[in-house]
2 protein chains.
Amino acid sequence: MNRTEDGAGDAGATRAGRTSMRLGALRSHNSALVLDLLRTAGPEGISRLELAERTGLTPQAVSKITARLREDGLAAEAGHRASTGGKPRTVLRLVPEAGHALGVHLDRDELTAVLCDLTGAVVARRSAPLDLGAGAETVVERAVREVGELVAGGGRAGVVLGAGVALPGPLDHRSGVLHRVTGFPEWNGFPLRDVLARRLSLPVVVDKDTNAAALGLAVGGGAGSGTSFAYLHFGAGLGGGLVIDGTVHRGTRTGAGEFGHQVVQLDGPPCGCGNRGCVEALCLAAVARGDVAEAARVLGTAAGNLVALLDVDLVLLGGRTVAVAPETYVRGVAAVLAERARRAGSDAVPVRVASGAGQGVAEGAAQLLLAPLFGRAEG
Amino acid sequence: MNRTEDGAGDAGATRAGRTSMRLGALRSHNSALVLDLLRTAGPEGISRLELAERTGLTPQAVSKITARLREDGLAAEAGHRASTGGKPRTVLRLVPEAGHALGVHLDRDELTAVLCDLTGAVVARRSAPLDLGAGAETVVERAVREVGELVAGGGRAGVVLGAGVALPGPLDHRSGVLHRVTGFPEWNGFPLRDVLARRLSLPVVVDKDTNAAALGLAVGGGAGSGTSFAYLHFGAGLGGGLVIDGTVHRGTRTGAGEFGHQVVQLDGPPCGCGNRGCVEALCLAAVARGDVAEAARVLGTAAGNLVALLDVDLVLLGGRTVAVAPETYVRGVAAVLAERARRAGSDAVPVRVASGAGQGVAEGAAQLLLAPLFGRAEG
DNA sequence: TGCACTTTCGCAACAGCGTTGCGAAAGTGG
DNA sequence: CCACTTTCGCAACGCTGTTGCGAAAGTGCA
């Protein structure tokens, strides 16, 4: 893990927002591409020639790149394939222990921290009750302690790349400053990333819980690197995370994905946000009435709006409320989408329950650190 | 314009959808970056050192790149700046006549064709009445004739890069096949791109009219290369085009941007699309009643949904209906967005009328060919 | 068992990219 | 007129991925 150059992301940003491409950018791009294929290949590994085919690079280039990766300890040989009449292909695999990342999920009533290896697999996990409203200092203290014990107990902890932190409510992903965590105004303006980074002496990345969940699904959910989907989380509230071309779309002020307060009923019933007719309010009301089918229909309408606007190729549902009756929600949402697709003359967008019901927020938070290694930085 | 290598876009696509980076990709990327800055600099030009600062490249690299561009005839020296104590900077500018692109707008009742130079400036323009419902062959015939006369009359026509064609209704941008142009079912499945490409013996790109308009605004509207905005077109219908990070977002099946049939009133009044409560239906109904303020409010609600979901940094309005009372629409939409931003505790997203009221669809269509030269290919 | 054949993979030379070092060109200011 | 500053190009360099060729390691047939 001892790369020499490319420290903090090739600081050649232009004033206009676009970046020139240095030679090192090319190298790290192709390295990331190869690493990503090694990761998706899993423990069975993948041969050099296959890597060459799938990247479009020449076998020689792949040999060079994989040689560097092996020097760095990121890749290793793992046996051989059966020969097809010549020298058998040597299989390469990612070395999961070459690096680790921490993922922390600060939920309203619970803290979950995980230590993941390079493949994203959970090496160690801790959970503890938490009161998000207990104030920033208290929560930070808790998080630091839990993370510390996790790393200490992790046995032979390899290099820890950093910590990803996911929590509810709007925040600025770039600066790592919280805006106003829903229901906990005392967090307003708290520079969580910098405080935690200093306390942990590690790089820290913060993001919305729904974005973390979506990232986890993008990387681990078997979705290819080019897929686009919307993850809709229906729990105590209704939120969303957008993955476009394999990377999380956060928007200019990193506030994208606000799905719950989409207005689908002009001058409808009031919502907690102060507006009227938000999907969240309507869905929650329907659930309160026990009318799950109606909740699914309303959710489907909002999802249909999203699909029409962005043309994603998948809708994933998750969250505690969905977990109560997953089939009903999937069927309800899918029905609305199918009807709209039929009218538009196109194929319907598939709807599925997110693997793990989207509960892997902490794992997704760890991916905030891991994903960039595999070329999944911001789109 | 005689580039040697990089023919049809570096055909090293991976099965997973991501591309490896050859050496030539780096070159063309940086060339495009410089070219884009030359374009935005306009006739006044820009010095090499300024190019170096803005791209992050070294002055030497810029010298090499601009030397190539001058060899190819794309750039030229244009005088000197005042000295600041040393050798004065030589100013470079884009040579607009080094290449041209055709833009064709097939509207329901009118055909507009333009010939643009590299800067996107219109060199020649023709308009003619058109009946989009007259059938594919008739329309193609008309388009070919108009384009032919345009090129012939264009005087010393430089190299024509190709033709961009914009028309209403859903279509597949990638394959260039129409789905069902709204109201003209006979177009269903017509391979417009290939037919026109054969007839014109030119590369042809087709896209929705709203996407073309949005692209024109993204390139010519003074918006920086990194901006994201939504262009909402309210004319006979209501549509939209999304620009994210300076490039048009088209989605997996190139159907993105369907804004008009966003449902904002569950079980509301029926819409022509067969659904109920679509923005388009509500806005049109309000306009028919003469209640423009209400139309603006409804439009603002839908725009607010879009802004919350994508976090763009600008909303542009255009179209004939907006042009009737632009101030009313801007104020109405902005009011809704400001109110929502206030509740969320963030800054309001600015709303403006698109320059030219978004009527420059043909110019935008020409940009379908020009934009890739400046690195504005699909994001 | 031996030999021809196929396939994989690494070494060496190569072309192309941006970078560094240095010098020429072209001004300003004393 | 000369020192100084700034711009810009030439040459050498380090770094990419690429090409050519040969070694390694199997299979299959005589």
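In the text below, chain A, chain B and the rest are named by the order of the sequence lines, each starting its count at 1. Quantities reported herein were computed from a predicted structural model and do not represent experimental measurements.
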Seminar exercise, completed: note: Leu49(B), atom CG; dT6(D), atom C1'; distance rounded to Å ~ 9 Å
For this session: Taking only the side-chain heavy atoms of Ser63(A) (C-beta and beyond), determine which of dC17(C), dC9(C), dG17(D) contains the nearest atom.
Result: dC9(C)
Problem set entry | Nucleotide of dG18(C), dG9(D), dG10(C) approaching Arg70(B) most closely (side-chain heavy atoms) | dG9(D)
Exercise. Roughly how many Å is it from CD in Glu50(A) to C1' in dT8(C), rounded to a whole number?
Worked result: 14 Å
Problem set entry | Leu51(B) CG to dT7(D) P, straight-line distance once rounded to whole Å | 13 Å
Problem set entry | Thr119(B) side chain to Asp117(B) side chain, donor-acceptor N/O pair below 3.5 angstrom | yes
Exercise. Is Asn30(B) near enough to dG18(C) that one of its side-chain N or O atoms lies under 4.0 angstrom from OP1 or OP2?
Worked result: yes
Problem set entry | Heavy-atom side-chain proximity of Leu38(B) to Leu69(B) below 4.5 angstrom | yes
Exercise. Quick one: do Arg48(A) and Glu77(A) make a salt bridge, cutoff under 4.0 Å?
Worked result: yes
Problem set entry | Distance, rounded to the nearest Å, where Arg81(A) contributes CZ and dT6(C) contributes P | 23 Å
Exercise. Quick one: does Asp313(B)'s side chain have a donor or acceptor within less than 3.5 Å of a partner on Thr252(A)'s backbone?
Worked result: no
For this session: Round to the nearest Å and state the distance from Lys87(A) atom NZ to dC9(C) atom C1'.
Result: 5 Å
Seminar exercise, completed: Of the listed dG9(D), dG26(D), dT18(D), the closest approach to the Thr58(A) side chain comes from dT18(D)
Exercise. Starting at CG of Leu57(B) and ending at P of dG16(C), how long is that distance when rounded to a whole Å?
Worked result: 19 Å
Exercise. Which of these nucleotides, dT7(C), dT7(D), dG17(D), is closest to any side-chain atom of Thr84(A)?
Worked result: dT7(C)
Exercise. Which comes earlier along DNA chain D counting from the 5' end, the contact point of Pro88(A) or that of Pro59(A), where each point is its nearest nucleotide?
Worked result: Pro59(A)
Problem set entry | Between P of dA26(C) and CD of Glu77(B), the distance in whole Å | 11 Å
Problem set entry | Pair of N/O donor and acceptor under 3.5 Å linking dG17(D) base with Lys64(A) side chain | yes
Problem set entry | Residue-phosphate contact under 4.0 Å: Arg48(A) side-chain N/O, dG10(C) OP1/OP2 | yes
Exercise. Is any N or O donor-acceptor pair between the side chain of Gln60(B) and the base of dC17(C) shorter than 3.5 Å?
Worked result: no
Problem set entry | Ala61(A), nearest nucleotide to its side chain (from dC17(C), dG17(D), dA25(D)) | dG17(D)
For this session: Taking only Lys NZ, Arg NE, NH1 and NH2, and the carboxylate oxygens of Asp or Glu, determine whether Arg81(B) and Glu50(B) approach each other closer than 4.0 Å.
Result: yes
Problem set entry | Distance in angstrom units between Ile65(A) CD1 and dC15(D) P, rounded | 16 Å
Exercise. When all nucleic acid strands are considered with a 4.0 Å heavy-atom cut-off, which category describes Thr90(B): base, sugar-phosphate, or nothing?
Worked result: sugar-phosphate
For this session: Using a 4.0 Å heavy-atom cut-off across all strands, classify Arg68(B) as base, sugar-phosphate, or nothing.
Result: sugar-phosphate
